[in-house]
> 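Take a look at this one; I'll ask things after.
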Protein chains: 2
Amino acid sequence: MAQGSNGRATLADVARRAGVSHATASRALNGSTRNVRPDLRQRVLAAAGELGYVVNSAAQAVARGRGEHIALLVNGINDDYFSPVASGVLHAAEADDRMVTMISSRNSPEQATRVVASLRAQRPRAIILAGGRSVTAGAWDARLVDELTLYQNEGGRVVAISEEGLPFDTVAVGNRAAGADLAAQLADLGYRDFTVLAGPAQARTAHDRVAGFREALAERGIEVGEDRVIHCGFDRDGGYAAAGECLRRRAPTRLLFAISDAVAVGAIARLREAGMDLPGEMAVAGIDDVPALRDVSPALTTVRLPWPEAGRAALDLVAEPDDTGPRVVRLRGHVVLRESTPALGRL
Amino acid sequence: MAQGSNGRATLADVARRAGVSHATASRALNGSTRNVRPDLRQRVLAAAGELGYVVNSAAQAVARGRGEHIALLVNGINDDYFSPVASGVLHAAEADDRMVTMISSRNSPEQATRVVASLRAQRPRAIILAGGRSVTAGAWDARLVDELTLYQNEGGRVVAISEEGLPFDTVAVGNRAAGADLAAQLADLGYRDFTVLAGPAQARTAHDRVAGFREALAERGIEVGEDRVIHCGFDRDGGYAAAGECLRRRAPTRLLFAISDAVAVGAIARLREAGMDLPGEMAVAGIDDVPALRDVSPALTTVRLPWPEAGRAALDLVAEPDDTGPRVVRLRGHVVLRESTPALGRL
DNA sequence: TTGTATGCGTTATCAG
DNA sequence: CTGATAACGCATACAA
């Protein structure tokens, strides 16, 4: 409670006050394996309490060669919808009493590379890549992978969430399956004419979702031509623009499949502006099920992705090192049908 | 580019390769004040590059006595609307190339106290308190303030955002003014009968907003009785419940003033459920102007709070130490009138 | 089990 | 301006 005479109390202070050596104090307070005689431990703990001692984790990191916190690399602090991936990881970390250092790559591959370098300086236990959305084309380029590999070679752990194909432990959130499952259910509802608001052309996440969607449809004999795929930004404004483009093309469309809820919301806004009746004239579906959109109208059909579980899985991957090559944990979301895609009458 | 033979390259490695001393290498790479002969500096920089050297910031923190990063303490990772305060700070930090460590107090005062303790362990340059929303009653209790004061005595800086009255540097975001400005404009539009969805009874932020609102109205001869104030949670569900309560009371109300946009959205959802015409039968206004709600309908009248500026101001406060007592930077938002509060016909 | 001594990577001090 | 050398706070091999 009371603080040392000066500022911070050090381990030496505690040891002195408890009448033991630095080593014993260290072991009693932080050292995990070694045992300390109970009464001594008590004395140390008491002394620490009285001095208001808290370990200097920087010094700890120096001595141990690596810190204990986790660095979370996101592509951007999106003001619209803060990455659900980040939320998932933050939650899981909270449960583990883990510190998380968040840093943004500002949607720039070069910046991402620089950021990883400064992350290397921190020497965190692990770097978690929270991709998943607003991924710029080629964001995970060679330079970045190199830098991350460097970090890994130095003893750090790297886990990618929702970005398959990287040479690191990966938590796959089932983007392809999400698209496929959604397509299947929409087909069951009677939909046949789709336009896809596909997000950035080179973004892996977007690509997988679209691919799954089209494949599942193809299996049912429904082709979604390339001319029905409109690329756009990953966010609300992207959807807004793409919906406008869709209107312009006048292709027969009964349902707009948006690569993400954010895109879907933008599209809805645009369609409304055009005076369209939703979902009467046009149905809309997205992917993500972001909670903040619970109250949009019409209520949005979407695929709930397991972000909380993904965060958990990522942290577990970090906690259980395994050097037998990159592991991949596969999760899967589930479709949530709502008002924006009502069942169509039998054809 | 190439890494040292083993793992991490150390300052000693760089010095050796450049043929200079540790000290010189350190000064060339990090030390700010001292000067180094240009050609030597070049040699060092080159060596560092070739070795892929990155400073060990933990060691740096130990040597310097304090780290360079900033800790951001939020009340909770709200899945609905990630605290705009946090976004503001993150943005500003990004611009400064500063690392930010985010940690949540899980809306619990006890947890907050523990969290500050573990923050003390990290020895960050500063701790920024991102209050502002979902503040539990008495979240900033004495124990917490004590712990923060301890941290400050150890040489750390503390800045509170949107939580006035704390013995630390503060960025005031103008909660009272927000309520007042909004009330004034609504009165100008012709509104007279209000019910207030007031948020948690003891939350300072909520209290200030409501107080400003009622005062400005009182100045214009409009009284909002205590029976027109309904307390509720700070979030969407709080608004949902409070709107239900409002309906039950059947008090004549033409406009629902929600303490926050989140509450407003919840209220709108509840009113819709009750089959009400918005804004024809009931107008709704909030405070915050969260971007994610840009597309709710009817478009929400609200007060845009200067979160980005607040983040900037907080970081500036951190950057310019000043021990002449707590400073306070006062910012102010501005009202944004939208569809949810149409002008009423002359009375 | 406990204490001693040494190392971790940087910065800071103080001579040269 | 540069280079030895001593902190910084903690962990840990090694000896007791």
Side-chain angles (χ1 to χ4, degrees), chain A residues 4 6-44 47-48 51-68 118 120-125 154-155, chain B residues 3-4 6-44 47-48 51-69 118 120-125 154-155:
Chain A
N6 180 15
R8 50 205 169 278
T10 161
L11 188 57
D13 299 332
V14 176
R16 198 174 310 122
R17 190 174 229 272
V20 299
S21 69
H22 303 230
T24 303
S26 171
R27 293 194 270 254
L29 291 168
N30 317 307
S32 33
T33 48
R34 314 293 286 188
N35 287 330
V36 178
R37 206 181 348 139
D39 58 318
L40 279 190
R41 170 185 297 281
Q42 273 315 315
R43 289 230 305 272
V44 173
L51 262 44
Y53 167 83
V54 289
V55 57
N56 182 330
S57 60
Q60 212 167 42
V62 174
R64 293 215 251 245
R66 185 162 295 285
E68 211 54 57
S118 68
R120 279 216 291 148
Q122 295 260 72
R123 298 209 176 13
R125 174 67 44 194
E154 291 167 357
Chain B
Q3 67 200 17
N6 180 16
R8 54 209 167 273
T10 161
L11 188 58
D13 299 332
V14 176
R16 198 174 309 122
R17 188 176 233 272
V20 299
S21 68
H22 307 233
T24 302
S26 171
R27 293 194 271 254
L29 291 169
N30 318 306
S32 32
T33 48
R34 313 293 284 186
N35 287 330
V36 178
R37 203 175 357 133
D39 59 317
L40 279 190
R41 169 185 300 280
Q42 274 314 317
R43 289 231 307 270
V44 173
L51 263 43
Y53 168 82
V54 289
V55 57
N56 181 331
S57 61
Q60 210 166 44
V62 173
R64 292 217 252 246
R66 186 162 296 285
E68 212 53 57
H69 64 287
S118 66
R120 278 216 291 148
Q122 295 259 70
R123 297 208 177 13
R125 175 67 44 192
E154 292 167 357

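Fair warning: this is a prediction, and the values are worked out from it, not measured in the lab. Within every chain, numbering begins at 1; the chains are lettered A, B, ... in the order of the sequence lines, protein sequences first and strands thereafter.
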> Calculate the interatomic distance between A/Arg16 atom CZ and C/dT4 atom C1'; express it in whole Å.
16 Å
> I need the CD-C1' distance between A/Gln122 and C/dG9, as an integer number of Å.
15 Å
> I'd like a list of close polar pairs between nucleotides 9-12 of chain D and the protein, N/O only, cut-off under 3.5 Å.
from   : atom 1 : to      : atom 2 : distance (Å)
D/dC10 : OP1    : A/Tyr53 : OH     : 2.7
D/dC10 : OP1    : A/Asn56 : N      : 3.2
D/dC10 : OP2    : A/Thr10 : OG1    : 2.8
D/dC10 : OP2    : A/Leu11 : N      : 2.4
D/dA11 : OP1    : A/Asn30 : ND2    : 3.3
D/dA11 : OP1    : A/Gln60 : NE2    : 2.5
D/dA11 : OP2    : A/Ser26 : OG     : 2.7
D/dA11 : OP2    : A/Asn30 : ND2    : 3.0

> Could you tell me if the side chain of B/Arg123 sits less than 4.5 Å from the side chain of A/Arg8, heavy atoms only?
yes
> Sequence neighbours left out, what passes side chain to side chain donor-acceptor pair (under 3.5 Å) with B/Ser21? Give chain and number order.
B/Thr24
> Once salt bridge (charged side-chain N to carboxylate O under 4.0 Å, His left out) is applied, do any residues pair with B/Arg43, and if so which ones, sequence neighbours excluded?
none
> Using whole Å, report how far CD of B/Glu68 lies from P of C/dT11.
11 Å
> Quick one: pull up CD in B/Gln122 and NE2 in B/His69 and give me the separation to the nearest 0.5 Å.
4.5 Å
> Among residues at least two apart in sequence or on other chains, which ones pass salt bridge (charged side-chain N to carboxylate O under 4.0 Å, His left out) with A/Arg66?
none
> Where does DNA chain D pair, written as one dot-bracket string 5' to 3', with Watson-Crick or G-U pairs under 3.5 Å, ( ) inside the strand, [ ] for crossing pairs and | for another strand?
||||||||||||||.|
> Just how far, in rounded Å, is C1' of C/dG3 from CZ of A/Arg43?
14 Å
> Quick one, B/Leu29 and B/Val55 - any side-chain contact, counting heavy atoms below 4.5 Å?
no
> Taking salt bridge (charged side-chain N to carboxylate O under 4.0 Å, His left out) as the test, write out the residues that go with B/Arg120, two or more places apart.
B/Glu147, B/Glu154
